[in-house]
Protein chains: 2
Amino acid sequence: MSVQRPSRRATITDVARMAGVSIATVSRVLNGTGPVADETVVIVQQAMEELNYTPHAAARSLAGRSTETIGLLLPRLSGAFYPPLIRGLETGAKEHGFDLLIHASVYVPQDGARRPVPLDERNTDGLLIFTDRLDDTEINRLYEQGFPLVLLYRAAPAGLNIPSVTVENKRGARSLVEHLITVHGYRRIAYLAGPRGNEDSYWRELGYREALEAHGIPFDPDLVGRGDFDDVLARSAVEDWLRRRVAFDAIFAGDDEAASGCIMALRQAGKQVPDDVAVVGFDDVPFARLMAPSLTTVRAPIETVGEEAVRQLITVIHGGEPVPFTLLPTELVVRQSCGCK
Amino acid sequence: MSVQRPSRRATITDVARMAGVSIATVSRVLNGTGPVADETVVIVQQAMEELNYTPHAAARSLAGRSTETIGLLLPRLSGAFYPPLIRGLETGAKEHGFDLLIHASVYVPQDGARRPVPLDERNTDGLLIFTDRLDDTEINRLYEQGFPLVLLYRAAPAGLNIPSVTVENKRGARSLVEHLITVHGYRRIAYLAGPRGNEDSYWRELGYREALEAHGIPFDPDLVGRGDFDDVLARSAVEDWLRRRVAFDAIFAGDDEAASGCIMALRQAGKQVPDDVAVVGFDDVPFARLMAPSLTTVRAPIETVGEEAVRQLITVIHGGEPVPFTLLPTELVVRQSCGCK
DNA sequence: TGCTATACTGTAAACGCTTTCAGAAAGCGT
DNA sequence: ACGCTTTCTGAAAGCGTTTACAGTATAGCA
């Protein structure tokens with residue numbers, strides 16, 4: 001029985017010493033680079049086993065090897081939207097033998113002592129960037145360096161050839177709003193926009209406007225509010241409308257999360273959904289079908305977006321030619337919150 | 001206008017060269033260690049600014065400095081349970097100036113070529129470990145090394161003094177089941193357990209049994225199934241019961257996620273909830289109130305668990321004395337899925 | 001004036017790894 | 001016996017930091 005020293009983690013040197021070889025040889029058997037005698041391989045492997053050796057990732061990447069890890073940068077993780085996305089990403093990553101490290105935090109623009117992003121070209125092999133998590137100058141730097149990047153739910157900045165994957169927002173929104181107009185005859189339809197600058201929101205609003213226009217309904221700026229794709233904010237936005245006695249017979253909430261906020265606000269105010277006011281969302285997150293009333297929405301293949309994004313990223317990492325722009329189809333899902341039954 | 005070299009990231013050496021000082025000095029102004037002439041500080045800072053310098057985290061931690069980062073290890077991120085937890089963790093981390101890095105992946109026990117966990121004592125200052133994400137031997141190693149650890153939703157392995165934070169599962173479950181018994185008169189109450197070995201599930205089942213016993217209802221093993229805290233699995237578990245014509249008048253689904261699966265299964269089978277079968281969950285995730293029928297459940301302060309866990313972890317990191325075991329109170333939330341109105 | 005303390009700065013080692021280079025040993029054809 | 005490959009191995013440099021250590025001025029003090 002050996003003395004258990006205050007177990008420092010075993011290093012490559014420890015393994016080398018125990019196996020009676022040089023660290024170079026250990027490195028070789030570890031990575032399968034260069035020829036090593038079968039006999040030596042066995043000895044080294046035993047030593048690694050014995051010492052429970054795990055290579056030090058930081059040292060590894062410092063010494064210039066790939067990390068087998070991809071990073072995901074997003075502003076936050078709270079919300080029903082993210083779980084399917086993450087699931088897709090994980091599925092994709094696992095499939096290709098990559099690890100996924102996630103950093104969720106809002107991007108704080110240029111303020112003197114800004115924190116560096118803890119996930120970058122130095123500890124990952126590639127980065128998935130969700131919406132506006134990283135600003136264009138940083139994206140530029142990474143891009144010019146040739147670092148593998150894939151954008152989620154946003155297009156690449158002008159001139160940069162960065163693959164991006166998103167969904168058919170405009171088309172989905174348009175068919176959703178047209179459903180409200182043609183099937184239910186609503187004409188005062190409100191829209192709750194997402195966060196400022198958000199691309200999804202931009203396209204959804206465009207779809208909304210197109211639908212109105214196609215049916216001769218004038219666009220009324222009073223009927224556009226900010227829900228920020230967030231239940232709490234959407235709720236207060238609707239409360240505000242109610243207080244100001246804005247008249248509407250339906251709300252396109254921007255996304256499902258916001259839709260749930262709308263429903264809470266309306267219910268609180270004693271309005272029936274969908275009888276008094278119809279509410280529709282976007283995304284078809286898992287709980288949409290479980291809501292009361294079940295939510296009419298647009299199915300966006302969130303999980304597929306994740307898988308596809310990873311696929312593109314790994315293509316880039318392997319030096320392949322990615323699909324520059326992937327637009328996944330959306331589909332209207334009619335349930336009850338629009339007035340259908 | 002200067003020539004734009006294929007922008008390699010600036011290193012401390014670049015900064016030193018530009019400022020005309022040694023790298024030691026740069027390091028000193030960077031970390032505020034050791035005395036540096038005010039004048040020099042300015043010059044160095046300008047150089048850093050100019051070069052857009054960011055220290056290389058991996059190199060830093062290699063050289064033995066703290067990382068200002070804490071890691072979160074969990075089996076997965078999909079499910080309504082996680083967003084509030086993450087939110088709590090982020091709030092806590094941000095509050096203390098730490099970054100949070102997340103690795104979500106099931107733990108694969110001892111199979112020869114097992115992947116090392118990409119988050120450990122070498123790139124974080126401390127680790128938050130959710131349920132059974134890491135096995136006891138690894139926890140042991142980290143612990144003996146004196147590495148800061150906090151356990152979420154599980155107690156420390158015997159003998160190890162690792163802080164852990166969880167919720168009053170047993171008490172919550174008991175009051176939930178007692179509600180079903182005393183208020184609604186149900187006697188055939190089924191229970192859907194969580195994943196094998198899961199502590200939450202263990203205590204909830206204990207609470208369930210206590211409630212039965214306290215009211216003279218014999219425990220029937222046929223009424224215990226596996227839902228794994230997952231909607232899909234819970235759904236098929238219920239379908240299985242239905243197929244086998246097991247009789248029950250209420251289901252305690254283990255958690256809210258599983259409850260939603262139960263409701264889908266029952267609805268599919270033409271059963272009314274709560275009229276034919278009552279369903280209750282646990283956790284009170286955000287969508288519980290929005291479900292149809294709205295879900296009777298137990299409010300577990302998930303977000304608070306997160307905040308508290310970070311607080312403990314950071315206490316340990318700073319060398320303080322943590323609270324060894326934090327048990328947060330739960331509270332019965334009566335809505336409609338139990339039969340109340 | 002010379003001495004010592006003080007303020008500042010640079011040199012170099014170390015962290016754990018990969019990789020280039022060169023050398024040793026063994027096999028082969030002549 | 002000779003030289004040439006081929007196979008295997010080790011020494012050492014380098015990745016970007018921190019930090020002990022060793023300076024070098026400068027100021028203060030006798």
Side-chain angles (χ1 to χ4, degrees), chain A residues 7-45 47-48 51-69 116 118 120-125 145 147, chain B residues 7-45 47-48 51-69 116 118 120-125 145 147:
Chain A
S7 56
R8 190 180 53 87
R9 194 139 192 160
T11 72
I12 199 172
T13 312
D14 300 324
V15 176
R17 190 178 317 125
M18 171 174 269
V21 300
S22 72
I23 60 167
T25 300
V26 175
S27 176
R28 278 189 276 258
V29 352
L30 195 56
N31 301 300
T33 56
V36 180
D38 293 357
E39 194 187 343
T40 313
V41 170
V42 173
I43 298 179
V44 171
Q45 280 173 339
M48 297 206 275
L51 293 171
N52 213 320
Y53 170 71
T54 322
H56 190 310
R60 252 189 167 175
S61 76
L62 227 205
R65 247 186 78 82
S66 73
T67 61
E68 308 277 270
T69 299
D120 58 23
E121 81 271 28
R122 301 172 296 193
N123 51 9
T124 59
D125 292 346
Q145 210 181 159
F147 188 68
Chain B
S7 55
R8 189 180 53 87
R9 194 137 190 161
T11 73
I12 200 173
T13 313
D14 300 324
V15 176
R17 189 178 318 124
M18 171 174 271
V21 299
S22 74
I23 61 167
T25 299
V26 176
S27 177
R28 279 190 276 259
V29 352
L30 196 56
N31 301 299
T33 56
V36 181
D38 292 357
E39 193 186 343
T40 313
V41 171
V42 173
I43 298 180
V44 170
Q45 279 173 341
M48 298 205 273
L51 293 171
N52 213 320
Y53 169 71
T54 322
H56 192 309
R60 255 189 163 176
S61 75
L62 225 206
R65 245 185 78 82
S66 74
T67 60
E68 308 279 88
T69 298
D120 58 24
E121 82 271 26
R122 301 172 297 193
N123 52 9
T124 60
D125 292 345
Q145 212 181 157
F147 188 68

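Quick caveat: nothing in here was measured; it's all calculated off a predicted structure. Throughout, protein chains are lettered first and strands after them, A, B, ... in sequence-line order, and every chain is numbered starting at 1.
Between Ile23(B) atom CD1 and dA14(C) atom P the separation is 15 Å, expressed in whole Å. The distance from atom CG of Leu51(A) to atom P of dG16(C) is 14 Å, rounded to the nearest whole Å. As rounded to whole Å, 14 Å separates atom C1' of dT19(C) from atom CG of Leu30(A). The nearest whole Å value for the distance from the CZ atom in Arg28(A) to the C1' atom in dT20(C) is 10 Å. Rounded to a whole Å, the NE2 atom of His56(A) is 15 Å from the P atom of dT17(D). The separation between Ile12(B) atom CD1 and dG10(C) atom P is 12 Å, rounded to whole Å. Taking atom CG of Leu62(B) as the reference point, atom P of dG16(D) lies 12 Å away to the nearest angstrom.
The partner of dG16(D) is dC15(C), judged by Watson-Crick or G-U wobble contacts that both fall below 3.5 Å.
OP1 or OP2 of dC17(C) has not a single side-chain nitrogen or oxygen of Ser27(A) nearer than 4.0 Å. Contact annotation: Thr11(A) side-chain N/O to dG16(C) OP1/OP2 distance is not under 4.0 Å. The side chain of Thr40(A) contributes an N or O atom lying less than 4.0 Å from OP1 or OP2 of dT9(D). The side chain of Arg122(A) places no N or O atom within less than 4.0 Å of a non-bridging phosphate oxygen (OP1 or OP2) of dG16(D). Dashed line: the shortest gap from a side-chain N or O of Thr25(B) to OP1 or OP2 of dG10(C) is under 4.0 Å.
Residue contacts shown for Ala37(A) are limited to sugar-phosphate atoms, with no base heavy atom under 4.0 Å away. Among the protein residues, Val21(A) comes within range of the sugar-phosphate backbone only, with heavy atoms under 4.0 Å from sugar or phosphate atoms but none that close to a base.
Met48(B) approaches Val29(B) most closely through the heavy-atom pair CE-CG2, 3.7 Å.
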